[in-house]
Structure formats: C-alpha cells, structure tokens
K.L.:
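Below are the structure tokens for one structure; questions will follow.
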Amino acid sequence: MKISILGTGHIGGSLARTFSRKGHTVTIANSSNSKALHELATETGATPATVQNIAQGADVIILSIPTKGILDLPSEFINSIAPETIVIDTTNYYPLHRDGAIDGIENGLLESRWVEQQIKHPVIKTFSATNWYNFTAEIQSELPSRLALPVSGDDPAAKALVSQLVTEAGFDPVDAGGLDESWRQQPGSPAYCTDLGVEDLRKALSQATNVRKPESSGVRSSQEELATAREMQTTFFQTFTKAIEVLMESNQWSEAAATKRLVAQFMTGQSPEAVFGFIFEHKRLS
C-alpha cells in the first residue's frame with residue numbers, strides 16, 4: 001500500500017517507522033523540508049517529498065500536523081488528492097498553546113469536519129486519542145496488553161482499511177461511529193489519552209459529553225483572560241519539556257520513557273507544581 005504521511009513529528013515519524021517495517025511504500029513530507037525529514041527517510045527507507053506533491057498516487061494520506069497547519073496546505077496538495085484516496089486525520093485542536101482560536105471549530109464544528117472542509121475530502125479520524133509514546137516499539141514492548149484506539153468515519157470500507165492499519169500500528173481498533181461522533185475522542189473526553197483496552201474504551205466513548213472544556217477553547221470573556229489562559233498553558237508545556245530533558249539526562253531514559261513516566265505522575269493526581277518541583281530538585285521522579 002502507498003502511504004503518504006504529512007508531518008514527521010512524534011506521531012507522523014513513529015507511523016513512518018511502523019508502516020515502513022510492515023512493508024508499505026511510505027512517502028513523508030513536512031512543511032520545512034528539513035534535515036530531520038531526510039534523516040527519517042534514511043532511517044526508515046521512506047521517500048522524502050514536498051507538501052505539494054506528496055498526495056500524488058497515494059492510497060492513504062495521513063495528516064499529522066498541527067491543526068492550524070491545515071490552513072496553510074497548498075492548493076497543489078489539496079487538488080492532487082484522488083477521489084479514492086483515504087485520508088486519515090490525526091490532528092487535535094489545541095487553541096491556547098499551539099493553534100490559536102479557529103472560528104469554525106469554536107462555533108461548534110467538529111474538528112475533523114473542519115479538516116474535511118479545508119481539504120475538500122472526507123477523512124477518517126484515528127491515531128489521535130493516545131499519547132505519542134504509545135506508538136513507539138519501546139513502549140509497546142513493555143505493555144501487558146494492547147491498547148485500543150477509536151476509529152471514526154462515514155465510509156465503512158475506508159474505516160475497515162484504516163482499522164487494519166491501526167492493528168498494524170500495534171493497537172486494537174474500536175469502531176467509534178461516524179465522523180459526527182468523533183467528538184467522543186477529542187481532547188478532554190474520557191477516551192482521550194487514557195490508555196484503555198477495548199471494553200474500557202467503548203465504555204469511555206459512551207460516557208463522553210459533547211461539551212468543549214475551557215482548556216480546549218480559545219475563547220474567553222476578555223482579551224486579558226485569554227492572554228492569561230494562553231500564558232498558563234504555554235508555561236506548563238515549556239516546563240514539561242524542560243522536565244523531560246532533565247529526566248532523560250539524569251536517568252539515561254529515552255524521550256518516550258521519560259514522557260510516559262512523567263505523564264504517569266500527573267495521573268496520580270499530584271499537582272504540576274509538586275511534580276516539577278521534585279524533578280528539578282532531585283533530577284528524578286518521586
């Protein structure tokens with residue numbers, strides 16, 4: 001299968017490694033055509049391409065870029081998506097620290113419906129509801145059982161093929177309904193980044209409520225309130241990144257291992273201040 005992956009960050013890069021190992025013909029591109037793109041191509045055997053031409057001849061296109069990046073996709077890319085090509089949307093909307101407010105989404109449009117509008121092509125929503133490190137062979141080898149991932153989409157045949165790719169990527173696919181139900185796997189939902197098996201994921205999807213939480217919205221009652229919310233999220237993620245670097249250096253951990261262990265600390269209910277404070281003082285986790 002010819003799989004084109006737009007975006008070579010944590011998720012796009014991991015999927016390039018996985019699908020290359022599985023014998024697919026993989027093409028990769030990113031917005032900068034950077035040295036990292038060509039290093040990933042050398043590592044995986046994938047073919048580097050430009051954003052303008054990556055869609056040509058693809059059986060499957062995987063969008064793995066920031067949501068705001070969808071707005072910058074060139075017409076050459078959009079116009080070269082063949083009608084029969086399956087497009088997978090892995091994007092998540094983070095308005096406060098990354099994407100900024102996107103009017104269509106803030107006004108109630110589902111994230112993946114908005115993506116469809118921009119690229120003028122149907123999408124299947126998956127690979128978006130788990131932490132990036134779960135895509136790595138290192139972390140998957142340590143799991144007692146496979147994690148599950150939701151798959152939302154309107155075309156049963158396309159969804160079935162994408163579910164096969166989810167399986168190849170190391171997860172158990174769970175049918176999460178049509179794309180109008182994809183809000184059940186958006187950030188803030190019980191199914192989002194909670195490391196669940198099949199039955200627990202189905203339960204989490206059923207418990208979701210279609211209410212956008214404040215941390216998933218770029219709208220506030222005043223500009224001052226919005227600026228404060230953005231500053232808080234930006235500061236958190238900057239500190240998070242620094243903590244990962246400390247843990248990697250001090251404990252000789254990979255980025256995936258350090259990130260997974262740090263996330264686990266937050267899942268215990270400890271405050272960010274307490275977790276970060278301990279790490280920066282002791283160079284390890286409590």
Side-chain angles (χ1 to χ4, degrees), residues 9-15 17-18 36 64 66 90 92-99 127-150 169-172 185-201 203-205 207-209 212-218 225 227-286:
H10 285 126
I11 293 177
S14 295
L15 291 176
R17 294 180 181 93
T18 295
S64 189
T90 80
N92 284 310
Y93 176 52
Y94 301 118
L96 293 178
H97 73 280
R98 188 183 71 181
D99 296 315
F127 295 132
S128 61
T130 192
N131 288 297
W132 71 266
Y133 47 76
N134 288 326
F135 289 90
T136 67
E138 174 192 2
I139 298 301
Q140 288 186 2
S141 68
E142 298 172 351
L143 296 173
S145 59
R146 290 164 69 98
L147 301 177
L149 279 183
F171 301 87
D172 288 331
Q185 58 173 297
Q186 289 179 175
S189 72
Y192 178 74
C193 291
T194 44
D195 289 3
L196 303 174
V198 170
E199 293 307 318
D200 286 336
L201 178 59
K203 182 177 180 180
L205 290 167
Q207 293 174 336
T209 56
R212 186 172 294 280
K213 296 184 177 181
E215 61 268 24
S216 297
S217 173
E225 185 181 347
T228 298
R230 285 176 171 168
E231 183 179 359
M232 289 177 62
Q233 277 218 3
T234 299
T235 298
F236 171 83
F237 283 104
Q238 288 174 343
T239 309
F240 187 94
T241 299
K242 291 178 182 176
I244 294 297
E245 293 171 352
V246 168
L247 292 172
M248 290 172 63
E249 181 178 354
S250 300
N251 300 277
Q252 300 300 301
W253 288 342
S254 68
E255 184 181 6
T259 307
K260 179 179 173 63
R261 287 169 169 82
L262 180 53
V263 169
Q265 289 290 299
F266 291 122
M267 298 298 287
T268 66
Q270 296 183 68
S271 70
E273 293 79 10
V275 174
F276 290 143
F278 189 92
I279 290 171
F280 294 132
E281 180 178 356
H282 300 284
K283 314 300 182 187
R284 59 181 176 84
L285 293 170
S286 58

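These figures come from a predicted structure and were not determined experimentally.
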K.L.:
How long is the gap from CG on N134 to OG on S14, to the nearest 0.5 Å?
P.N.:
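Between atom CG of N134 and atom OG of S14 there are 10.0 Å.
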K.L.:
Looking at R212 and S217, what are the two nearest heavy atoms and their distance?
P.N.:
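Closest approach of R212 to S217: CD-CB, 3.9 Å.
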K.L.:
Under 6.0 Å between ring centres, would you say that holds for F237 and Y94?
P.N.:
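No.
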K.L.:
Can you tell me how far OG of S128 sits from CD1 of I11, rounded to the nearest 0.5 angstrom?
P.N.:
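The CD1 atom of I11 sits 8.0 Å away from the OG atom of S128.
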K.L.:
Name every donor-acceptor pair, under 3.5 Å, that has one atom in a side chain of residues 272-284 and the other anywhere in the protein, sequence neighbours excluded.
P.N.:
{"unit_1": "K283", "atom_1": "NZ", "unit_2": "F280", "atom_2": "O", "d": "3.3"}

K.L.:
Do the non-hydrogen side-chain atoms of N131 and T259 ever get within less than 4.5 Å of each other?
P.N.:
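No - every pair of side-chain heavy atoms lies 4.5 Å or more apart.
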K.L.:
Using side-chain heavy atoms (C-beta onward) and a distance below 4.5 Å, is E255 in contact with W132?
P.N.:
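Result yes, sub-4.5 Å side-chain heavy-atom pair found.
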K.L.:
Could you state the interatomic distance from CG (L247) to NZ (K260), rounded to the nearest 0.5 Å?
P.N.:
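Those atoms lie 14.5 Å apart.
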K.L.:
With rounding to the nearest 0.5 angstrom, report the CE to CG distance, M267 to D195.
P.N.:
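Rounded to the nearest 0.5 Å, the CE-CG separation comes out at 7.5 Å.
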K.L.:
Kindly compute the distance separating CG (L149) from OG1 (T130), expressed to the nearest 0.5 Å.
P.N.:
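One gets 5.5 Å once the value is rounded to the nearest 0.5 Å.
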K.L.:
Distance check, rounded to the nearest 0.5 Å: T136 atom OG1 versus R17 atom CZ?
P.N.:
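So the OG1 of T136 and the CZ of R17 are separated by 9.5 Å.
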K.L.:
Using every non-hydrogen atom in the two residues, find where A169 and F127 come nearest and quote the distance to one decimal.
P.N.:
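Closest pair (atom of A169, atom of F127, distance): CB-CE2, 3.9 Å.
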K.L.:
Applying the side-chain hydrogen bond (donor to acceptor under 3.5 Å, both in side chains) criterion to H97, which one of R230, Q233, E215, E231 satisfies it?
P.N.:
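For H97, the side-chain hydrogen bond (donor to acceptor under 3.5 Å, both in side chains) check succeeds only for Q233.
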K.L.:
Might you point out which heavy atoms bring P190 and L196 nearest each other, and give the distance in Å?
P.N.:
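Taking P190 first and L196 second, the nearest heavy atoms are O-CD1, 4.1 Å.
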K.L.:
Can you see whether S254 engages E138 through a side-chain donor-acceptor pair at a distance of less than 3.5 angstrom?
P.N.:
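A pair is found: one side chain offers a donor N or O, the other an acceptor, under 3.5 Å apart.
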K.L.:
Can you name the closest pair of heavy atoms from E249 and Q252 and give their distance?
P.N.:
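In terms of heavy atoms, the two residues are closest at O-NE2, 3.0 Å.
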K.L.:
For a quick test of reading the model, state the closest non-hydrogen atom pair linking A256 to I139 and the distance between them.
P.N.:
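That closest heavy-atom pairing would be CB-CG1, 4.0 Å.
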K.L.:
I need the minimum non-hydrogen distance between P214 and L96, along with the two atoms involved.
P.N.:
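Smallest heavy-atom distance, with atoms named: O-CD1, 4.2 Å.
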K.L.:
Under a plain distance cut-off of 3.5 Å, with no hydrogens placed, do T268 and Q270 share a side-chain donor-acceptor pair?
P.N.:
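There is such a pair (donor and acceptor under 3.5 Å, judged by atom type) between the side chains of Q270 and T268.
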